[in-house]
There are 2 protein chains.
Amino acid sequence: MAAVTSKTNAYEQLKTSILTLCLQPGADLDEASLSERYGLSRTPLREVLRELAGEGYVELRENRGARVSDMSFTTLREFFLAAPMIYGAILQLAAINRTPVQIADLKSAQRDFVVALQKGSVSQRTLANNRFHEITGEMAGNVYLLPSFKRLLIDHARIGMTFYKPSNNAMAEKLSEASEQHDAIIAAIEAGDEKRAAQLAEMHWNLSRGQIEMFVTPAGIEGQLGFAGENNDKKTA
Amino acid sequence: MAAVTSKTNAYEQLKTSILTLCLQPGADLDEASLSERYGLSRTPLREVLRELAGEGYVELRENRGARVSDMSFTTLREFFLAAPMIYGAILQLAAINRTPVQIADLKSAQRDFVVALQKGSVSQRTLANNRFHEITGEMAGNVYLLPSFKRLLIDHARIGMTFYKPSNNAMAEKLSEASEQHDAIIAAIEAGDEKRAAQLAEMHWNLSRGQIEMFVTPAGIEGQLGFAGENNDKKTA
DNA sequence: AGGCAAATTATTGTATGCAATTTGTATACA
DNA sequence: TGTATACAAATTGCATACAATAATTTGCCT
């Protein structure tokens, strides 16, 4: 998948559309309309869908078309169970096997992420973050860990698109914290400090989990509806 | 992939051919001859190849056809690095999430494996063993760990086909030891003993590694060429 | 009016033919 | 003898046409 053909174009566009929730989880994918949309016939488009299915972007159902891989509360739980393990292993190996060019790539990706953080859309930020982690996966250089890691990154991006909206200051703060962790990860990898890398991996996921919890249980509205407990002295506006 | 069509047939046959080394790592896969062989046109066969590529059975090269996923000394090293981790996690989760029907399936697969051990070919033994582990993967029920685990199982089968030939008594002994470990794994899963399950996972891979080392460094021919050290009192035959 | 069944429509699956790319080979030239 | 280039063969990629399957509508009967 190197040359710039309408096929690779469709492949990349579908990927980013799924990552940015432009195509929502569970959405039906019609072969006819998609092939027309991307300017190719159904045959190559079907092959693209098969490839995307292999990576976990879409699910194929026999005689019933493809749909974007679904996400549920169950998968969210599975996600946070598997993520620290896999990512911990990936970062450890990245710290061991990294090459100079890869480190340069990673730093470049981090610069892009910082820019996206400052003046990018939620999608751009998500994609930049995704690219950063993709590179760490490449650095690890283990074909057996990579499939699961890539699968994780798909849903990491989609979870990010859902929950990491900087609607309040606390969220924005978390995001800059994530950026600082990226810097720390780069430093640990560059230093070949595998223990530190593993530690940072876990911290990074704890941050993600914290952001989701913050989103699910919003702060700052206690008592507003008059349901506050007996000991609440605070006056309601 | 449920209905028995010539497409699913090609899919399954290619899978087992690759697992049993009937199609060797790195072997070229010609679309025309394969489509003729399995009695379907090139279009659906190409889709099958894409699906197999997604699971790690084959590698696709643009404009240059598919070939069976390669294995090298490097990948062997990556394998034994990733395997204990992934399989440890899989068995832990299997012990937690197992259902009665799954346990029954696992026991059934183990019975098949024992039969294959006694009077089956190397291929049959490998496939039965593979099926056993596949079921543990299903039991774990984590979509994020599964891709890597399945990728591992492919090469586990191929490594097994290469190294686990019971050419001597020691090898045969190792195999019955593997069977006993399977029984222990079933017991741990059924009891919901996740710690024990993780422990057994590591033991199982250590056994595999030992078998390979035994194959690579054959015993019983020291001194035969007269290169024995000074302190060797043993008479050569 | 409600439910079942047959026909219609829409969508997916497969086959074939042709275009584009790669690979192998032969020939000319340094 | 080694290298480069042009041509031929083989193989992959794509589009169109047709077949098979699923979804929907329509009409009929109860």
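None of the values given here were measured: they were computed from a predicted structure. First the proteins, then the strands, lettered A, B, ... as listed; each starts at 1.
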Sugar-phosphate, base or nothing in reach of B:Arg67, heavy atoms under 4.0 Å: nothing
Residues within residues 23-43 of chain B bordering DNA chain C, heavy-atom distance below 4.0 Å: B:Leu40, B:Ser41, B:Thr43
A:Arg61 CZ to C:dG13 C1', straight-line distance once rounded to whole Å: 15 Å
Set of ring pair (Phe, Tyr, Trp, His ring centres under 6.0 Å) partners for A:Phe79, sequence neighbours left out: A:Trp205, B:Tyr144
Set of side chain to side chain donor-acceptor pair (under 3.5 Å) partners for B:Glu55, sequence neighbours left out: B:Tyr11
Of all pairs that satisfy side-chain hydrogen bond (donor to acceptor under 3.5 Å, both in side chains), the ones with a partner from residues 72-98 of chain A, not counting sequence neighbours: A:Tyr87-A:His133
Interatomic distance, B:Tyr11 OH vs C:dG13 P [rounded to whole Å]: 15 Å
N or O in side chain of B:Lys7 less than 4.0 angstrom from C:dG13 OP1/OP2: no
Under 3.5 Å, N/O pairs linking protein and nucleotides 20-25 of chain D:
none

Nucleotide C:dG13, atom C1' - distance to CG of A:Leu49 in whole Å: 13 Å
A:Glu36 side chain to A:Ser33 backbone, donor-acceptor under 3.5 Å: no
Those residues that, when tested against B:Ser108, pass side-chain contact (heavy atoms from CB on, under 4.5 Å) (two or more places apart): B:Arg111, B:Asp112
Salt bridge (Lys or Arg N to Asp or Glu O under 4.0 Å) against A:Asp155, all qualifying residues, sequence neighbours excluded: A:Arg151, A:Arg158
Results of ring pair (Phe, Tyr, Trp, His ring centres under 6.0 Å) for B:Tyr38 - residues two or more places apart only: none
Short side-chain N/O contact to C:dA15 OP1/OP2 from B:Arg46, under 4.0 Å: no
Listed partners of B:Arg67 passing salt bridge (Lys or Arg N to Asp or Glu O under 4.0 Å), at least two apart: B:Asp28
Separation of atom CD in B:Glu47 from atom C1' in C:dT12, rounded to whole Å: 10 Å
